K.L.:
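Would you mind keeping the following structure in view while I ask a few things?
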Amino acid sequence: MVRLALFIVVALAWIVPAFAQSEQAPIIRYDARFNPVIAPNGMVAAQERRAAAAGAEMLAAGGNAVDAAVATGFALAVTLPQAGNLGGGGFMLIHLAEENRTIAIDYREMAPAAAHRDLFLDAAGNVDRNLARFSLLSTGVPGTVAGLVHALENYGTMELEDVIQPAIDMAEDGIAMSYPIAQSLSQRGERLQRHPASARYFFKEDGSAYAGGDLWVQEDLAWTLKRIRRKGAEAFYRGRVAERIVAEMEAGGGLITMADLAAYRPVEREAVRGRYDGYEIIAMPPPSSGGVHVIQMLNVLEGYDLRRLGHNSAAYLHLLVETMKRAYADRSEYLGDPDFYPVPVAALTDKGYAAEIRSAIDPGQATPSAEIAPAKDLRAEAPNTTHYSVVDAAGNMVSNTYTLNFSYGNGIAVTGAGFLLNNEMDDFSAKPGVPNAFGLVGGEANAIEAGKRPLSSMTPVIVLKDGRPWMATGSPGGSTIINAVLQMLLNVMEFDMNIAAATAAPRLHHQWLPDRVFIEPGISPDTVAALVAIGHQFGRPRILGATQTVMAGPGVVYGATDPRRAGGGAEGY
Ligand code: GLY
């Protein structure tokens, strides 16, 4: 009898964990150098920890992924002023698990009615870069407030007054100035100091810089947020906030009028979709170029045995670069606002077209970009855009990227309203063939027109596995966003990395023009030498993107914030 009991105990001790293991994906992998944050119910991964926590607070209060995403979006406007915003725009992808339905919300900025194609040309017909990037003419009609409120009203479960409250509290009571933001402000302070309102909002009364840990109160921003709490998006687009935006425009030569603000609408669009190795990729359609080109590149790359080549081997990186060149060449020609230009989405994401691209790639030799089109110079821009991803207990996911374009936009804050304005008009092609701040060239498809939205590289993505939301990711990084997201997806789907390891792995970037490969530190000199030997040219190494990722696993959820940018958080509940 004792023996039988002992046998049962031993057998159970063996069977139960074996059964549990077969049901559960491994939670911590001891063969991984990086492991994600794990939580039982929900997760928000964002570039600023307190904003991620604001979202997680909504999940803990019973809210869904959209409630959390909207809370994080408003909170980032307070805690991450270089990219979190009320005065910019972006894209939100929502996947509702139970309905198996994706919503793609375009809340990109819009050119004001008085904008025209030669807006940034001087008397000699050359692009005036200062005008395009640092004047009020560079500001498109902001979309963020309309986008966040639209998402909440249609797909959230909580009241606006609840999800906006953490942002209000942090603006009104003040937060400790974070070390990364203190450093970023001291580096970029000169641009902000030129405008009295910006100087007042981001520096101390005596003009000196905040140090990390100093209390930083944003009273005027709290005023704007409280008006939004009371009156919704109306407050921003028609009320006293709108009047303050227009007063700033009139004082500084900007174009945005009360009519432009009142006319702004977020647009729900059909997401672009692709398949890779059994996974379904859902991404943002134009005016984002990111979704189209991530899917286009995955279509090309699925025709190779990448796993056999090995992660970040020279042979693998060669194929990545050759694929990137061709996708970015297409971007310059075909991508723009689909309401103004017929973007050939189906043709670009067609598997047959991907096969044609593959057949043009020489596996042993780089094709010079000059054989595809004339070379142009790349100008690197500092951290700007920001991304966050959310998953809730029901498996719903949100993938949101939004931006002011440059860090701190054009550096001009709305006097009395406490927030910075975007310089997104520089994402249009100011003149065909002349590169924008990210070195990207464009043509007719992305020329400036009244009411049009500038082409973007922002690439929020949601991946479904077996029809269920599995992973949400995205990145800042201007023109490098698309390639950062591509490598994140390949690292997970192709190379089986967990999302933290996939985030940390060194990346590279090529955008067709200039004909240069940009690598991160961590790609070996031997690999670079092998690539140089087959014709690749390299620019100076740089940091590429900062992904924020969540993943649903059996029984738990995972989060990974990118260590490339300090201060991020994956906050679970
Ligand atoms: N402003 C950068 C982008 O939207 O691509």
Side-chain angles (χ1 to χ4, degrees), residues 47 73 76 80 82-85 87-93 104-111 120 129 132-134 138-144 147 266-267 269 283-294 324 327-328 331-332 334-338 343 378-388 399-411 420-430 435-442 445-446 448 452-461 474-486 509 511-513 544-547 565:
Q47 203 181 320
L76 283 167
L80 190 74
Q82 63 266 53
N85 67 79
F91 302 122
M92 182 182 286
L93 271 185
I105 303 174
D106 162 5
Y107 60 95
R108 182 76 163 156
E109 301 89 332
M110 191 178 81
F120 299 126
R129 295 203 155 90
R133 297 169 194 174
F134 302 114
S138 71
T139 303
V141 181
T144 294
V267 183
R269 300 190 186 275
M284 198 66 209
S288 162
S289 60
V292 167
H293 293 304
V294 155
M324 289 170 180
Y328 276 78
R331 183 190 190 280
S332 75
Y334 297 113
L335 271 287
D337 182 343
V343 181
L378 175 74
R379 234 204 67 197
E381 174 53 27
N384 38 67
T385 304
T386 192
H387 179 87
Y388 57 92
S399 185
N400 187 88
T401 316
Y402 75 158
T403 187
L404 291 165
N405 195 22
F406 285 15
S407 280
Y408 307 103
N410 57 14
L420 285 160
L421 291 165
N422 69 80
N423 58 347
E424 219 70 64
M425 295 288 285
D426 187 61
D427 273 351
F428 280 118
S429 303
N436 73 359
F438 301 104
L440 292 168
V441 290
N446 192 32
I448 306 174
K452 191 174 177 181
R453 298 175 189 216
L455 183 60
S456 172
S457 298
M458 292 188 285
T459 313
V461 171
S475 179
S479 57
T480 71
I481 293 173
I482 308 171
N483 289 333
V485 171
L486 172 72
H509 171 72
Q511 60 177 45
W512 171 55
L513 299 176
L544 300 166
T547 53
R565 296 203 186 162

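Since we're looking at a predicted model, the values are computed, not measured. Read the numbers this way: they start at 1 and go in the same order the structure lists the ligands and their atoms.
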K.L.:
Measure from the side-chain N and O atoms of Ser475 to the backbone N and O of Val485, and report whether any donor-acceptor pair falls under 3.5 Å.
P.N.:
no
K.L.:
As a test of reading the model: which N/O atoms of the protein lie under 3.5 Å from N/O atoms of ligand 1, and at what distance?
P.N.:
residue  : atom  : partner : partner atom : Å
ligand 1 : 1 (N) : Asn405  : OD1          : 2.6
ligand 1 : 1 (N) : Glu424  : OE2          : 2.7
ligand 1 : 1 (N) : Asp427  : OD2          : 2.6
ligand 1 : 4 (O) : Arg108  : NH1          : 3.0
ligand 1 : 4 (O) : Arg108  : NH2          : 3.3
ligand 1 : 4 (O) : Asp427  : OD2          : 3.2
ligand 1 : 4 (O) : Ser456  : OG           : 2.7
ligand 1 : 5 (O) : Ser456  : OG           : 3.4
ligand 1 : 5 (O) : Ser457  : N            : 2.7

K.L.:
Between the side chain of Asn422 and the main-chain N/O of Gly89, is any donor-acceptor distance below 3.5 Å?
P.N.:
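No, because the side chain of Asn422 does not come within donor-acceptor range (under 3.5 Å) of the backbone of Gly89.
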K.L.:
In terms of side-chain heavy atoms, does Ser288 have a donor or acceptor partner in Arg108 at a distance below 3.5 Å?
P.N.:
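No, because no side-chain N or O of Ser288 sits under 3.5 Å from a partner of the opposite role on Arg108.
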K.L.:
Is the distance between the ring centroids of His509 and Tyr328 less than 6.0 Å?
P.N.:
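Centroid separation for His509 and Tyr328: below 6.0 Å.
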K.L.:
When the ring planes of Tyr388 and Tyr402 are compared, do they come out parallel, tilted or perpendicular, using 30° and 60° as the limits?
P.N.:
perpendicular
K.L.:
Under a plain distance cut-off of 3.5 Å, with no hydrogens placed, do Ser456 and Asp427 share a side-chain donor-acceptor pair?
P.N.:
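The criterion, which ignores hydrogens and geometry beyond distance, is not satisfied for Ser456 and Asp427.
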